[in-house]
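Working notes for the structure below.
Below, each value reflects all heavy atoms present in this structure, side chains not excepted, and no hydrogens, waters or symmetry copies.
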Amino acid sequence: MSKKLANRSVVITGAGSGLGQTSAQLFARQGAELILVDINAKGMEETSVLVEKEGSRSTSYVCDVAIESEIQRLGEQLCKAYPKIDVLYNNAGIAYGEINQMVNTINQEKWLRYLAINTIAPLLIAEVLRSSLASAKGLIINQSSIASYAPATVYGVTKAALNSLTYGMANVYSEDGIRVNAIAPGIMETAASKQSLSQETYDRVQAMQLSDLHGKAEDIANLAIFLASEEGRFINCEIVNCDAGSRLRGWRA
């Protein structure tokens, strides 16, 4: 059985844990060579082991995406080592803790930090990798959230801004043949969500789905793989929801 992503190079940020780690493993299963980016070197070591078990290979780069100079350095390293990059999966971000407070609860300094990581970093990373992405006529995937729809939390606002930025990026990068999409997951049954959300919150949000299912990291990763494959080649400038039909996107009779 042929692999969907054989001979393709895939950059995944936030690859040292959670969704990034799962995505790296599943992308490797489809034949991709992984370029792992995270602030957590030890976590990337664990991810590399998973990638190897899938019969693929990976390289790791430590980078704090909150710091522009580190992003610039990352770009120089990757474009030199990989003149052709097929996929950039902008997965790194902050999703839990203080960022989930209401929009009027934090100061400007914190606002700028959260926007820098969740909204602006995906653009900056795309810019420094643009030449390699253009060589492959590649794909950029931005990690959004259904919290971006009518957001009341800081997190939701950062993702709403990322949605808008995704549309802008798609228009700018189209001249290089680069597609840009975002994935907006609903609530997922992951270790991070279980640790960070109360059972009441998880149950309440999960109950708003049209399908009585519990989402998993694999659901998001498989969607990303579809977008990155030839099967997804005609999808561009879209926010693709992966949320079992959550009513958080708007009222549905």
Side-chain angles (χ1 to χ4, degrees), residues 11-24 36-44 46-47 60-72 74 88-128 140-166 169 182-198 201-202 205 215-217 220-221 224 239 241-243 246 248:
V11 177
I12 300 181
T13 67
S17 62
L19 174 59
Q21 189 171 82
T22 299
S23 296
L36 312 176
V37 178
D38 204 300
I39 197 172
N40 179 2
K42 183 177 180 180
M44 286 192 290
E46 297 171 357
T47 304
S60 298
Y61 296 83
V62 175
C63 178
D64 184 347
V65 300
I67 302 174
E68 186 173 5
S69 61
E70 291 204 19
I71 293 175
Q72 290 288 343
L74 175 71
L88 165 61
Y89 191 172
N90 279 314
N91 167 71
I94 299 175
Y96 299 106
E98 181 185 53
I99 197 170
N100 277 305
Q101 293 182 12
M102 294 295 105
V103 295
N104 63 329
T105 59
I106 65 171
N107 60 30
Q108 184 185 58
E109 181 180 2
K110 290 180 178 179
W111 262 112
L112 293 177
R113 173 172 170 76
Y114 292 138
L115 286 165
I117 295 170
N118 282 10
T119 309
I120 305 302
L123 171 62
L124 297 182
I125 296 168
E127 275 293 293
V128 298
I140 299 168
I141 302 174
N142 292 332
Q143 191 64 60
S144 184
S145 168
I146 58 165
S148 63
Y149 299 103
T153 64
V154 176
Y155 174 71
V157 171
T158 66
K159 294 302 184 178
L162 181 61
N163 289 356
S164 295
L165 192 61
T166 297
M169 291 169 66
I183 295 175
I187 196 163
M188 296 289 162
E189 193 175 40
T190 63
S193 68
K194 289 295 188 181
Q195 291 170 5
S196 304
L197 302 175
S198 68
T201 297
Y202 180 90
V205 177
K216 299 182 181 297
I220 307 170
I239 313 300
N241 300 299
C242 184
D243 60 9
S246 175
L248 282 175

Stepwise side chain to side chain contact (heavy atoms under 4.5 Å, CB included) test for V157 and W111
CA-CA 10 Å; V157 171; W111 262 112; 3.8 Å; yes
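We find the CD-CG distance between Q143 and L19 to be 5.0 Å, quoted to the nearest 0.5 Å. The structure places CD1 of I187 at 7.5 Å from OG1 of T201, a figure rounded to the nearest 0.5 Å. Atom CG of L165 is separated from atom OG1 of T158 by 11.5 Å, given to the nearest 0.5 angstrom. Rounding to the nearest 0.5 Å gives a distance of 10.5 Å between OH of Y61 and CE of M44. The line from CG of N142 to CD1 of I183 is 9.5 Å long, rounded to the nearest 0.5 Å. Atoms NZ and CD, from K110 and Q101 in turn, are 7.5 Å apart once rounded to the nearest 0.5 Å.
Taking all atoms of both residues into account, the shortest heavy-atom contact from V65 to A121 is O-CB, 3.5 Å. V62 approaches A41 most closely through the heavy-atom pair CG2-CB, 3.9 Å. Taking all atoms of both residues into account, the shortest heavy-atom contact from S23 to A221 is OG-CB, 3.6 Å. When all heavy atoms are compared, the tightest approach of I146 to S246 is CD1-OG, 3.5 Å. Contact detail for S144 and P185: the closest heavy-atom pair is O-CD, 3.2 Å. Residues T47 and A24 come closest through the heavy atom pair CG2-CB, 3.6 Å.
Under the rule for a side chain to side chain contact (heavy atoms under 4.5 Å, CB included), the partners of D64 that lie at least two apart in sequence or sit in another chain are I39, A66, I67, E70.
Other residues, nucleotides and ligands contribute at most 12 non-hydrogen atoms within 6.0 Å of the CD atom of E68.
A heavy-atom distance below 4.5 Å is not found between the side chains of V11 and I125. By the 4.5 Å heavy-atom criterion applied to side chains, L162 and P122 are counted as neighbours. Between V37 and L74 the shortest side-chain heavy-atom distance falls below 4.5 Å.
A distance-only check finds no donor-acceptor pair linking the side chain of K159 to the backbone of Y149 [under 3.5 Å]. Side-chain atoms of N90 never come within 3.5 Å of backbone atoms of T13 as a donor-acceptor pair (strictly under, hydrogens ignored). In terms of modelled atom types and a separation under 3.5 Å, the side chain of N91 and the main chain of A15 share no donor-acceptor contact.
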